[in-house]
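For reference, the structure discussed in these notes is given below.
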Amino acid sequence: MSELAERLDAVTAGVTAAAALAGRDPGSITTIVVTKFHPAQLVRDLFDLGVREFGESRHQEAQPKIAELADLVGTTWHFIGQLQSKKARQVAAYAGIIHSFDRESLVGPLAGSRVFIQINLSDDPERGGVAPEHVEALAESALKGGLDVVGLMAIAPLNGEPRAAFARVREASERLVRTVPSATALSMGMSGDYSDAIMEGATHLRIGTAITGNRPTKG
Ligand SMILES: *Cc1c(COP(=O)(O)O)cnc(C)c1O
């Protein structure tokens, strides 16, 4: 078995174990494999192992890579990085779902798209995401603008307990579903903290290095 297949199996087993601990059906959890910085061939290798959900975070890299992989039928591309307003419409053209919708100015360019609202759990506005107290207002603008809001996305802050951070997302989600009953999904959990995310209700994990191995450096 290849190292890639071994790492993929190990993460699948980890997801199953965490789901059991949480009393959840592992079938309710989607693992997105984050392939940023990796060549298209790695995506092909993962596709051959059965992976269909892929994540990319930089438009300049994602657009040509996804075009090159157009023959991989049945894949869904998740855009998980910060969105530049000028590029948002182009991202919407290839992304099946966007995890980083976080401001009013993106409503127009993303009309018709499926989105997660990204919430910012840190004090640093540079990290992307809307403040938790503004989630519902942004959701209402999104609905008026024709976006399909599926739920919330968050990245655990660098310092602090990931589980506590994910609990805050779950609380924000409970408020959001009163405004948008269908927005129940939770995109949270990466290589180092996906078990904690599953304990707090994650439905979409964004896992890179634990499956792909270390990312090539930016060059
Ligand atoms: C890169 C990235 C991930 C995956 O991170 P790993 O630690 O490699 O699993 C998840 N989410 C976002 C937003 C990312 O940019």
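Order of appearance sets the numbers: ligands from 1, and atoms from 1 within every ligand. The chain is numbered in sequence order, starting from 1.
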> Would the number of heavy atoms belonging to other residues, nucleotides or ligands and lying under 6.0 Å from CG of Asp123 be above 12?
Replying inline: no
Is it the case that the side chains of [Y] and [X] hold a donor-acceptor pair, with the cut-off being a distance below 3.5 Å and no angle test?
| X | Y | result |
| --- | --- | --- |
| Asp124 | Ser122 | no |
| Ser141 | Glu104 | yes |
| Arg52 | Thr76 | no |

Which of the atoms of ligand 1 are close to [X], meaning less than 4.0 Å from one of its heavy atoms?
| X | result |
| --- | --- |
| Arg206 | 4 (C), 9 (O), 10 (C), 11 (N), 12 (C), 13 (C) |
| Thr209 | 6 (P), 7 (O), 8 (O), 9 (O) |
| Met190 | 3 (C), 5 (O), 7 (O), 9 (O), 10 (C), 11 (N) |

> Backbone or side chain, does any N or O of Ser57 fall under 3.5 Å from an N or O of ligand 1?
Replying inline: no
> Does Ile207 reach ligand 1 with a nitrogen or oxygen that is under 3.5 Å from one of the ligand's nitrogen or oxygen atoms?
Replying inline: no
>> Return the closest protein heavy atom for atom 1 (C) of ligand 1 as residue, atom name and distance.
In response: Lys36 NZ, 1.5 Å
> Among protein heavy atoms, which sits nearest to atom 12 (C) of ligand 1, and what does the distance come to when rounded to 0.1 Å?
Replying inline: Ile80 CD1, 3.5 Å
> Ring centres of Phe54 and Trp77 under 6.0 Å apart?
Replying inline: yes
> Do the ring centers of His59 and Tyr94 come within less than 6.0 Å of each other?
Replying inline: yes
>> Does only the side chain of Ile155 get under 4.0 Å from ligand 1, or the backbone, or both, or neither? Count heavy atoms.
In response: side chain
>> Considering Ser191, Ser187, Ser100 one by one, which has a heavy atom nearer to atom 9 (O) of ligand 1 than any of the others?
In response: Ser191
>> Under the criterion side-chain contact (heavy atoms from CB on, under 4.5 Å), I'd like the reasoning laid out for Phe79 against His99: C-alpha separation, chi angles, the key distance, then a yes or no.
In response: CA-CA 6 Å; Phe79 191 83; His99 291 236; over 6 Å; no
> Going by heavy atoms, is Arg215 under 4.0 Å from ligand 1?
Replying inline: yes
